[in-house]
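In listed order, ligands and their atoms are each counted from 1.
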Amino acid sequence: MKLKEEVNTLIKKAFANAGIEADSITVTDATKPEFGDYQFNGAMALAKQLKQNPRQIAQTILDNLETGGMVQKAEIAGPGFINLWLNPEWIAASCQNAEENDRLGIGTRSNPIKAVVDYSGPNMAKQMHVGHLRSTIIGDTLANLLEFLGDEVIRQNHIGDWGTQFGMLIAYLEEMGEEGNGSLKDLEQFYKDAKSRFDADEAFADKAREYVVKIQSGDAHCLTLWKKFIDISLGHCEEVYEKLDVNLSRDDVRAESFYNETLAKVVEDLDKAGMLQESDGAQCVFLEGDEVPVIVRKSDGGYLYATTDLAALYYRANVLGAKRISYVVDARQSGHFKQVFRVAKEAGFVPEDVKLEHVAFGTMMDKNGKPFKTRDGGTVKLIDLLDEAVVRAKAAITSKENYSEEELEKIARIVGIGAVKYADLAINRESNYIFDWDKMLSFEGNTSLYMQYAYARIQSIFRKYGKDVEGEIVIGDELEHRLAVMLLRFEDVLNKAAEDAAPNQITTYLYELVTLFMRFYERNPILKEGVDEQTRISRLMLADLTARTIKQGLAILGIQVVDRL
Ligand code: ARG
């Protein structure tokens with residue numbers, strides 16, 4: 001349920017009843033329980049316009065408020081705030097609805113769109129690094145979220161599979177023969193070895209250069225080698241995707257090379273649009289106010305990263321028909337995206353009504369605030385990092401329960417990978433992110449383990465109860481009231497998080513929800529003797545709704561729950 005919208009509608013109606021014109025009316029979540037559930041503080045802004053004092057305006061609104069069974073109490077406070085309390089019976093009925101619905105009462109958009117989410121995008125000539133980890137995790141969440149809300153999501157993995165490096169790499173792959181396949185497991189090393197061959201041996205270097213030209217002109221042998229190289233590299237990325245449990249498949253790959261055939265046309269169209277200028281032999285677009293131009297073709301005829309992105313924008317907007325195109329890429333590329341978005345719009349490659357956004361994220365740092373590296377300064381291999389997460393998760397959970405070996409393995413994977421994902425998603429994505437094992441694998445605080453633990457606890461309550469739960473939700477006290485309202489806010493949170501492409505709004509919500517639930521559970525016993533059955537059933541239902549909300553929230557973040565922890 002879009003709770004806030006419903007409350008807004010009431011206030012809007014009151015305005016209409018009072019004959020006051022106001023364009024943007026929005027309530028906010030109350031910051032303290034004593035302020036009710038929602039607050040309206042728009043009267044202050046209207047005071048000038050209406051030449052009345054804010055309290056007077058607030059009074060007029062109250063006089064015209066039709067509560068419709070939804071609002072129990074509305075009071076004027078301070079200089080002219082209106083504090084609103086929702087009606088417990090209305091809340092109970094709404095929770096009951098949510099509980100009986102397999103989508104927790106959450107609707108799908110009335111106007112779904114096609115949305116492209118561009119994420120992961122590793123480079124085939126290099127090891128997948130921690131920057132791609134962030135892109136993969138955040139991008140997958142955004143895609144899941146939009147999908148859950150009803151959009152048609154098209155995932156696009158814009159892998160870097162083209163460029164002069166590949167001449168050297170495939171020449172080396174050829175030289176290595178069968179052995180090459182295995183050594184490609186460590187791309188960083190493979191690249192280094194190829195490079196030393198290149199530097200040491202003139203004949204090899206010549207061959208590498210010749211192969212660059214040959215791939216570009218479509219030579220069959222070189223293309224076969226190149227395809228093989230990409231296939232093996234991508235296979236290694238897929239191992240990471242598999243471990244990470246993200247929804248990216250081969251079908252989602254639209255590599256840079258996919259756009260090769262259309263690059264000349266991009267330049268041609270820019271020329272036709274009168275946007276091209278030559279500078280030192282290169283073809284450039286100079287944007288007003290920008291110091292550096294967007295180079296779309298080098299003087300040697302080669303195309304660039306930006307040219308490919310312009311071709312991709314054209315494809316996504318016109319062939320795929322996307323109305324929202326989100327690029328989940330490192331913040332350091334924000335200059336690049338600002339420019340290509342502008343060029344694409346000005347050249348008419350992308351219709352005006354298409355939303356283009358750079359979902360930027362900060363750099364991953366170690367505990368000391370330094371860029372994330374191995375002890376000897378090398379790049380951390382993602383696959384190793386994920387394996388370590390599982391090992392550490394095992395250590396964190398073994399003390400709690402007696403698991404079979406098999407169970408332990410499975411749960412440790414869910415907990416470990418979940419911790420890595422959650423920690424990444426829980427911060428404001430644009431900030432740099434400090435990678436800290438101990439913090440992310442803690443049972444306390446805003447961690448996935450805290451959420452998974454709460455979920456498992458609720459499951460254990462149900463195991464102990466051992467009977468079907470059927471009955472009615474009744475809001476008993478203030479804590480239950482707050483928990484229920486919090487549960488009903490879930491849809492608002494998801495919608496806002498989707499609009500802002502901000503997964504941390506979901507984690508913040510989950511943390512507040514679970515914290516509130518833990519307090520509720522401490523004070524309002526469920527199975528304890530002496531609790532009457534009607535109250536018990538109602539509390540069980542609230543607990544179940546909480547568990548399902550946690551599960552759904554985590555699912556959108558790409559994290560699973562377990563029944564026992
Ligand atoms: N391969 C790029 C990198 O590693 C990321 C690709 C992002 N997507 C895009 N359409 N440019 O930096």
Practice problem: Mind checking the CG-CG spacing from D245 to N247? Nearest 0.5 Å is all I need. | Solution: 7.0 Å
Quiz item: Side chain of Y509, backbone of M486: donor and acceptor closer than 3.5 Å?
Solution: yes
Self-check item: Interatomic distance, T141 atom OG1 to Y422 atom OH [nearest 0.5 angstrom]
Solution: 11.5 Å
Quiz item: atom 8 (N) of ligand 1: which protein heavy atom is closest, and how many Å away?
Solution: D118 OD1, 3.1 Å
Self-check item: Location of contacts on Y259 toward ligand 1, heavy atoms closer than 4.0 Å
Solution: neither
Quiz item: For ligand 1, is there an N or O atom under 3.5 Å from any N or O atom of R316?
Solution: no
Exercise. Starting from atom 12 (O) of ligand 1, find the nearest protein heavy-atom neighbour and note its residue, name and distance.
Key: Q333 NE2, 2.8 Å
Quiz item: Quick one: CD on E256 to CE on M124, what's the gap to the nearest 0.5 Å?
Solution: 9.5 Å
Exercise. May I ask you to check whether G121 has an N/O atom sitting below 3.5 Å from an N/O atom of ligand 1?
Key: yes
Quiz prompt | Heavy-atom side-chain contact between F229 and L187 under 4.5 Å | solution = yes
Quiz item: Quick one: does Q156 get a heavy atom under 4.0 Å from ligand 1?
Solution: no
Quiz item: Would you say Y305 touches ligand 1, if touching means a heavy atom closer than 4.0 Å?
Solution: yes
Quiz item: Any nitrogen or oxygen of H336, main chain or side chain, under 3.5 Å from a nitrogen or oxygen of ligand 1?
Solution: no
Quiz item: Mind checking whether S120 has an N or O less than 3.5 Å away from an N or O of ligand 1?
Solution: no
Quiz prompt | atom 4 (O) of ligand 1 [closest protein heavy-atom partner, distance rounded to 0.1 Å] | solution = H132 NE2, 2.8 Å
Self-check item: Backbone of V329 reached by a side-chain donor or acceptor of H358 within 3.5 Å
Solution: yes
Self-check item: Numbered atoms of ligand 1 (with element) below 4.0 Å of V329, judged on heavy atoms
Solution: 7 (C)
Exercise. Test salt bridge (charged side-chain N to carboxylate O under 4.0 Å, His left out) on D438 and K367 and set out the steps.
Key: CA-CA 10 Å; D438 297 326; K367 249 178 154 169; 3.4 Å; yes
Exercise. Drop me the distance from L510's CG to E512's CD, to the nearest 0.5 angstrom.
Key: 10.0 Å
Practice problem: Would you mind running through ligand 1 and noting each atom that sits below 4.0 Å from a heavy atom of F337? | Solution: 11 (N)
Exercise. Examine D309 against ligand 1 and note whether any of their N/O atoms are separated by less than 3.5 Å.
Key: yes
Quiz prompt | Under 3.5 Å: N/O of Y327 near N/O of ligand 1 | solution = no
Exercise. Specify side chain, backbone, both or neither for D330, according to which of its non-hydrogen atoms lie closer than 4.0 Å to ligand 1.
Key: neither
Exercise. Spell out, as yes or no, whether a donor-acceptor pair under 3.5 Å connects the side chain of T307 to the backbone of Y303.
Key: no
Exercise. To the nearest 0.5 Å, tell me how far Q552 CD sits from L557 CG.
Key: 10.0 Å
